Structure formats: structure tokens, C-alpha cells
Amino acid sequence: MRAQLPAIILLAGVAACATPGQVRRVETQVAVLDRDHARADSARAAELARVQVAQRETMDSINRLMGQLSDNIQRVSREDAGNFESLRQQLYQVANLTSSTQSRVASLGTKLETGLSSAPPVSAAPGDTTHAAGNGVTIPPPDVLLSQGATGIEQSAFGSARMALKALLDTYPSSPQIPDALFMMGRSYDPSEPDSARVYYIRVWKEFPNSTRAPTALYKLAELERKANNSAAARGYYQQIVDKYKQSDEYRFAQDALRDMP
């Protein structure tokens with residue numbers, strides 16, 4: 001309406017002095033302006049309607065995405081909750097099993113130690129298979145105990161290995177498996193507790209110099225001293241092998257070690 005005021009005022013101002021033709025031209029111009037404004041208003045209205053439709057569609061899409069996201073989050077939460085509960089139950093079962101196993105092992109260890117402490121050492125006579133240690137505990141024969149010790153060492157179950165080997169050493173002191181048992185006791189401490197390992201390797205070497213374990217025990221002693229930077233002691237053990245155990249597998253290794261040492 002404001003856009004039409006100038007034209008109306010102009011028409012009113014010139015109406016008194018304008019000719020009929022001039023008035024018609026002015027009226028035509030006003031009509032053209034009205035149509036242009038009407039078209040512009042219609043276009044703006046159409047554009048506004050299009051923008052509003054686009055906004056609604058965009059909002060609908062956002063709402064749908066938000067709904068899907070919410071559903072996904074809830075589903076993942078439910079699945080995670082189920083997984084966590086399942087995992088918790090499994091861990092609980094493992095903990096119970098571990099506790100039960102530890103209790104049984106501790107009980108068996110106590111019975112074995114009690115039985116061993118109550119039984120005096122006896123020599124293994126030919127044909128002996130087992131020994132009764134009292135309290136209903138039967139000690140297996142030497143070869144079984146030695147096998148148990150070897151298996152324990154292979155599986156890094158050093159406590160169990162030492163228990164079986166100690167039973168052999170205490171119960172069957174005259175058994176031919178004693179050098180093997182002493183050597184395996186040394187292995188169970190090597191290299192984590194070198195001082196304890198030395199004790200058993202030295203016993204093998206000193207008490208059973210003619211056994212096949214003696215040169216191996218000497219080689220182990222040399223390696224322990226070498227790691228401790230005790231070159232003189234290591235050289236002495238290597239030299240013992242070279243001098244006294246030329247037929248052993250360790251002979252060549254000892255020669256090489258002596259040649260390489262400063």
C-alpha cells in the first residue's frame with residue numbers, strides 16, 4: 001500500500017491539469033506496479049512456504065536420526081550389560097575354582113609334609129615300590145617322584161617340583177635317582193635363586209663325581225659364576241670339565257668358553 005501512495009498522490013496532483021491520455025498512462029503504470037508487487041509478494045510467499053517445508057523435512061530427518069541413535073544406544077547398553085554380567089559370572093566361577101584348587105593343593109601339601117616329617121628316612125631295597133609315611137599317606141617310588149619333579153620344572157611349577165624331589169631325597173637316600181634329583185633341585189632354583197642352585201649343583205659334583213650329571217652340574221656352576229662376573233670361579237669350573245670329563249657333551253663347550261674368556 002505504501003508503494004502505491006506516491007502514484008496515487010501523483011495521480012491526484014496531476015489529475016486537475018493532465019489530459020485524459022496522460023491520466024490513462026499513469027493509471028496503466030500504477031496497474032503494472034501493482035502486478036509487479038503482487039508477483040513479488042507471491043514469489044516471496046512461495047519461497048517462504050518452500051523454506052518452511054524444507055525446515056519441517058529437516059527437523060523430521062533430525063528427529064528420525066535422534067530416535068535411531070537413542071534406540072542404538074539403548075540396544076548397545078542392554079547388550080553390554082548382558083556381556084558384563086556374563087563376564088562377571090565367569091570370573092566368579094574361575095575365582096571359585098581357583099580358590100578351591102588352591103585349598104586342595106594346600107591340603108595335599110600339608111598331608112605330604114606331615115607324612116614325610118613323621119617317617120624316618122629309609123633305604124630303598126631292591127623291589128621296593130612305595131613307602132607308607134603314616135597318616136594314610138603313601139609315598140610314590142623314586143622314578144615316579146623324579147618324573148613328577150621333572151614335569152613340575154617343565155611347567156614352571158617349582159614348588160610342586162621341589163616337594164616331589166625332596167620326598168625322593170629324604171625317603172630314598174640310597175636310590176640311584178639321587179644325582180638326578182639333586183641336579184633337578186638346582187634347576188628349580190636356577191637362575192632366580194643362584195645361591196640355592198649352587199648348593200645342589202655342588203652336591204652333585206662333590207657327592208657323585210662319576211655320575212653323568214656331574215659335568216653338567218659343573219657347567220651350570222660355571223655359567224652362574226660367569227653371569228655374576230666371577231671369571232676366576234667360572235674358569236675353574238670349566239677347567240674341571242676339560243680335565244676330568246673329556247667324554248662328556250660339555251667338554252667342547254667348556255673348551256670354547258675357556259678360549260673366549262679374557
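All residue numbers in this chain count up from 1 along the given sequence. What you see is a predicted model; the values in this text were computed from it and never measured. When reading the values below, keep in mind they use all heavy atoms of this one structure, side chains included, and skip hydrogens, waters and symmetry mates.
- Checked by atom type and distance alone, the side chain of Arg162 never pairs as donor or acceptor with a backbone atom of Met185 at under 3.5 Å.
- Counting only heavy atoms from C-beta outward, the side chains of Gln255 and Tyr251 approach each other to under 4.5 Å.
- Note that CG of Leu165 and CG of Asp180 are 10.0 Å apart. Values are rounded to the nearest 0.5 Å.
- The nearest pair of heavy atoms linking Leu168 to Ala181 is CD2-CB, 4.1 Å.
- Checking Asp190 against Tyr201 by side-chain atom types alone, a donor-acceptor pair falls below 3.5 Å.
- Put simply, the side chain of Leu221 does not reach to within 4.5 Å of the side chain of Gln240, judged on heavy atoms.
- Heavy-atom minimum distance, Gly186 versus Ala197: O-CB, 3.5 Å.
- Within 6.0 Å of atom CZ in Phe253, 12 or fewer heavy atoms from other residues, nucleotides or ligands are found, so the atom counts as exposed in its surroundings.
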Trace of the side chain to side chain contact (heavy atoms under 4.5 Å, CB included) decision for Phe183 with Arg203
CA-CA 8 Å; Phe183 181 80; Arg203 285 191 61 185; over 6 Å; no

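- Note on Tyr237: it clusters hydrophobically with Phe208, by side-chain heavy-atom contacts below 4.5 Å among ILVMFWY residues.
- In the displayed structure, Arg187 atom CZ is contacted under 6.0 Å by at most 12 heavy atoms of other residues, nucleotides or ligands.
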Hey, mind stepping through Glu207 and Leu182 against side chain to side chain contact (heavy atoms under 4.5 Å, CB included) and telling me if it holds?
CA-CA 10 Å; Glu207 298 176 20; Leu182 289 171; 4.2 Å; yes

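- Across all non-hydrogen atoms, the minimal contact from Ala214 to Pro209 is CB-O, 3.5 Å.
- No side-chain heavy atom of Met184 sits less than 4.5 Å from a side-chain heavy atom of Gln177.
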Derivation and outcome, side chain to side chain contact (heavy atoms under 4.5 Å, CB included), residues Tyr172 and Ser174:
CA-CA 6 Å; Tyr172 304 100; Ser174 299; over 6 Å; no

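- Residues Arg226 and Ala257 approach most closely at NH1-CB, 3.6 Å, considering heavy atoms.
- Residues Tyr189 and Asp195 have side chains not in contact (no heavy-atom distance under 4.5 Å, counting atoms from C-beta outward).
- One finds no salt bridge joining Arg235 and Glu225 here, because no Lys/Arg side-chain nitrogen approaches an Asp/Glu carboxylate oxygen to under 4.0 Å.
- Looking only at distances, a side-chain donor or acceptor of Thr171 sits under 3.5 Å from a matching main-chain atom of Ala167.
- Of all the heavy atoms in Ala254 and Tyr238, the pair that sits closest is CB-O, 3.7 Å.
- Between the side chains of Thr216 and Glu250, at least one donor N or O sits under 3.5 Å from an acceptor N or O.
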Stepwise, does the side chain to side chain contact (heavy atoms under 4.5 Å, CB included) test hold for Leu145 with Ile139?
CA-CA 8 Å; Leu145 291 171; Ile139 301 177; 3.9 Å; yes

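- Considering all non-hydrogen atoms of both residues, Ile241 and Tyr219 come closest at CD1-N, 3.5 Å.
- Side-chain contact between Gln148 and Ser160: absent, with no pair of heavy atoms (C-beta onward) separated by less than 4.5 Å.
- Expressed to the nearest 0.5 Å, how far CD1 of Ile202 lies from CZ of Arg198 amounts to 8.0 Å.
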